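All values derive from a computational prediction rather than experimental measurement. Below, all heavy atoms of this structure are taken into account, side chains as well, without hydrogens, waters or symmetry copies.
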Protein chains: 2
Amino acid sequence: MAGPHISSEEETKERTSGWIASLADRGYRITGSRRAVVDVLAESGTSLSPAEIYEQGRAVHKQLGLVTVYRTLEKLEELGLVQRVHRPDGCHAYIPALRGHEHLLLCEQCGRVEYFRGDDLSELSRRLEGESGYTIHDHWLQFFGVCSQCQ
Amino acid sequence: MAGPHISSEEETKERTSGWIASLADRGYRITGSRRAVVDVLAESGTSLSPAEIYEQGRAVHKQLGLVTVYRTLEKLEELGLVQRVHRPDGCHAYIPALRGHEHLLLCEQCGRVEYFRGDDLSELSRRLEGESGYTIHDHWLQFFGVCSQCQ
DNA sequence: GATATAATTGAAAATAATTTTCACTTAGCG
DNA sequence: CGCTAAGTGAAAATTATTTTCAATTATATC
Ligand SMILES: [Mn+2]
Ligand SMILES: [Mn+2]
Ligand SMILES: [Zn+2]
Ligand SMILES: [Zn+2]
């Protein structure tokens with residue numbers, strides 16, 4: 001059971017090419033604008049809003065439009081590659097999506113995002129089902145704190 | 001350790017008067033508009049968006065304005081009495097705030113909200129602190145399912 | 001490599017959600 | 001009762017997002 005882990009440069013490069021391949025597989029064309037959005041978000045260790053992706057993406061592809069950032073996020077989300085992060089201070093930023101049974105550890109200062117596995121909430125879940133009469137399908141678990149860089 | 005629990009009519013009445021008292025204590029005036037917003041949200045078993053509060057609130061106080069709904073929510077939030085709920089499908093709805101160490105169980109169908117206690121994530125939290133170098137301050141835990149009514 | 005064509009683009013316009021402005025009203029104190 | 005600062009709703013302004021549209025371009029086919 002591996003602990004939370006900042007993605008290495010290797011891994012983010014793989015993520016970038018994987019997302020590009022997924023877009024192509026689905027029949028979407030690979031354009032400079034889409035490449036820019038993918039590059040920026042796949043290689044970011046922190047969550048980014050559409051406006052931030054736009055800003056950073058223009059460094060890669062200067063004619064990038066904000067509209068295309070929205071449109072590309074929509075497609076990446078549909079492919080299950082990115083998702084919104086929910087935070088107390090706002091939920092309009094995106095991250096590489098959780099894969100399988102994963103949860104988040106978030107830095108309150110810098111927005112850094114880490115992924116972890118290995119929680120076991122099945123007992124609690126069963127207890128709640130019994131007490132409430134709900135059929136439980138899913139859960140979210142997020143920890144908030146300050147990363148070592150920010151301390 | 002009590003299980004999750006739909007608030008009784010008694011309890012929601014108390015919540016309503018408690019919120020009104022808190023607003024008054026803080027020096028805010030008690031108006032028909034504020035009363036309407038408080039009534040609607042304090043007595044609701046489901047999360048409500050500002051527009052829904054506005055709509056329901058007009059049944060209580062017909063000249064209520066949407067602006068005042070926003071302004072009242074802002075004050076109730078500042079007093080720690082209400083908070084936004086975060087859901088996969090959107091985070092613009094409000095609920096009576098969690099009190100102390102509580103978490104949510106949400107119905108995916110009807111929006112019903114239940115509160116529970118008694119999770120223990122301290123071991124997991126310590127493990128993550130050790131592995132990540134973060135100092136963890138807080139966590140969110142939410143279960144999603146279908147309530148007994150909706151099944 | 002050239003060509004055809006449907007997908008994609010960015011700018012501008014439209015829409016939706018929220019906030020601000022403002023002239024009028026009123027809750028709550030004396 | 002009055003006084004007055006706080007609060008109101010309508011309308012305007014702002015912000016985030018989506019839609020429209022004419023021009024461009026990625027890719028399949030030759
Ligand atoms: Mn889990
Ligand atoms: Mn907890
Ligand atoms: Zn940090
Ligand atoms: Zn339900």
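Spacing between atom CZ of Arg58(B) and atom P of dT8(D) amounts to 16 Å, rounded to whole angstrom units. dT18(D) atom P lies 17 Å from atom OH of Tyr54(A), rounded to whole Å. Rounded to whole angstrom, the span from the CG atom of Leu23(A) across to the P atom of dT27(D) amounts to 11 Å. When rounded to the nearest whole Å, the span between CG of Leu66(A) and C1' of dT15(D) equals 12 Å. Leu64(A) places its CG atom 15 Å from the P atom of dT25(D), with the value rounded to the nearest Å. Remark: C1' of dT20(C) and CD of Glu74(B) are 12 Å apart, rounded to the nearest angstrom. Atoms CZ (Arg35(B)) and C1' (dT8(D)) sit 16 Å apart, rounded to a whole Å. The NE2 atom of His61(A) sits 8 Å away from the P atom of dT9(C) (whole-angstrom rounding).
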For nucleotides 24-30 of chain C, just jot down a letter per nucleotide in 5' to 3' order: B, S or -, based on protein non-hydrogen atoms under 4.0 Å.
--BBS--
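For dT18(C), one of the phosphate oxygens OP1 or OP2 lies less than 4.0 angstrom from a side-chain nitrogen or oxygen of Tyr70(B). Between dT18(C) and His92(B), a contact under 4.0 Å exists linking OP1 or OP2 to a side-chain N or O. The side chain of Ser33(A) contributes an N or O atom lying less than 4.0 Å from OP1 or OP2 of dG10(C).
Classified by interplanar angle (parallel below 30°, tilted 30° to 60°, perpendicular above 60°), the ring pair His86(B)/Trp140(B) is tilted. Relative orientation of the His139(A) and His101(A) rings is perpendicular, given thresholds of 30° and 60° on the angle between their planes.
Panel note: side chain Gln83(A), backbone Leu98(A); a donor-acceptor pair is recorded below 3.5 Å.
The CD atom of Glu43(A) lies 4.5 Å from the OG1 atom of Thr12(A); values are rounded to the nearest 0.5 Å. Between the OG atom of Ser148(B) and the CD atom of Glu129(A) there is a distance of 12.0 Å, given to the nearest 0.5 Å.
Checked for salt-bridge contact, Lys13(B) and Glu9(B) meet the test: a charged N lies under 4.0 Å from a carboxylate O.
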ring-ring contact (aromatic ring centres under 6.0 Å, His included) between Phe143(B) and Phe116(B), worked out:
CA-CA 10 Å; Phe143(B) 286 89; Phe116(B) 69 88; 5.7 Å; yes
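The side chain of Pro50(B) lies closest to dT18(C) when the candidates are dT17(D), dT18(C), dT8(D).
Note on Arg71(B): a base of the nucleic acid sits closer than 4.0 angstrom, heavy atoms only.
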